[in-house]
Amino acid sequence: CYELIKASNASSAEAEAFLDLSSFVEPSSDDPEAVFHDLYTFSVQVLDRHTESNDGDWRLEALSMEVTAYAAHRSGISFRPELIDVLFPVATFLGSDNQNLREHAIATLNSIATSSQYSSVSDLIVDNVDYMVNSVALRLNTLDVSPASMQVLLMMIRLAGARLIPFMDDVVDSIFAALENYHGYTFFVESLFSVLKEVVDQASGTEQRLLTDT
């Protein structure tokens, strides 16, 4: 379906470069744009359902990232509002055990950054770090979190630095709640403590006052 839509768009672009057929074409319920919208929506759902315990075919997740990158390419800078839904799920694949998924995640993030007119993936993440932190907080509250998610959170803190810390109160509260309820899960607890340690390291390395009168 994805390949057919790309071929259809390419064919339409070539035809429109030479001919104006708009007056001869009737609206159709099989509009490729409507089909692509459904495909993109499905792809976002696939990415959002990703967990480390997923036993599904990794190629479905890889194709979903390709569809997301293609959507960003077609939309350009107007794709930025979509980042609230796709940026964190794609970034979690950076910690996947599957090398193919890691490579797809890197390629997808680079493509999205270029299409959305960011100078680098770092700028893409820093500029949207509030969305990503909210995603982590929601997952922590429902314990729908994986070690890969914690690695993404560490990456965000390191990239954004101390300026991110004042906005992490909900995440820190959720981490302490998780530590209290699930202290017996060693690997999970270690990943949570690694995030708290990074928060302390980043805060102690700045001369900026992080606490305010309010």
message: Check whether F193 forms a cation-pi arrangement with K197 (NZ or CZ under 6.0 Å from the six-membered ring centre, at most 45° off the ring normal).
response: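 Verdict for F193: no cation-pi partner in K197.
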- prompt: Is R74 positioned over the aromatic face of F36, cation under 6.0 angstrom from the ring centre and no more than 45 degrees off axis?
  reply: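 So R74 does make the cation-pi contact.
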Quick one: are [X] and [Y] in side-chain contact, heavy atoms under 4.5 Å?
| X | Y | answer |
| --- | --- | --- |
| V199 | V171 | no |
| L154 | Q151 | yes |
| V129 | M168 | no |
| Y118 | N128 | yes |
| L94 | M155 | yes |
| L83 | I112 | yes |
| Y131 | V86 | no |
| N98 | E61 | no |

Side chain [X], main chain [Y], donor-acceptor under 3.5 Å:
| X | Y | value |
| --- | --- | --- |
| S8 | I5 | no |
| S43 | L39 | yes |
| S96 | T92 | no |
| H104 | N100 | yes |
| S111 | A107 | no |
| S191 | F188 | yes |

Of the non-hydrogen atoms in [X] and [Y], which two are nearest, and what is the gap between them?
| X | Y | value |
| --- | --- | --- |
| A62 | L101 | N-CD2, 3.9 Å |
| Q202 | A162 | O-CB, 3.8 Å |
| V152 | A91 | CG2-O, 3.3 Å |
| M156 | L164 | O-CD2, 4.0 Å |
| L109 | L124 | O-CD2, 3.9 Å |
| A72 | S115 | O-CB, 3.3 Å |

message: For L138 and F88: C-alpha separation, side-chain torsions, deciding distance, then whether side-chain contact (heavy atoms from CB on, under 4.5 Å) applies.
response: CA-CA 12 Å; L138 289 173; F88 180 79; over 6 Å; no
message: Between F93 and L47, is the side-chain contact (heavy atoms from CB on, under 4.5 Å) condition met? List the steps.
response: CA-CA 9 Å; F93 285 97; L47 297 177; 3.6 Å; yes
field: Residue pair T41, Q45: steps toward the side-chain contact (heavy atoms from CB on, under 4.5 Å) verdict
entry: CA-CA 6 Å; T41 300; Q45 292 172 351; 4.0 Å; yes
query: What is the distance from atom CG of L87 to atom CD of E82, rounded to the nearest 0.5 Å?
result: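 So the CG of L87 and the CD of E82 are separated by 12.0 Å.
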field: Pair R158 + D201: basic N to acidic O under 4.0 Å
entry: no
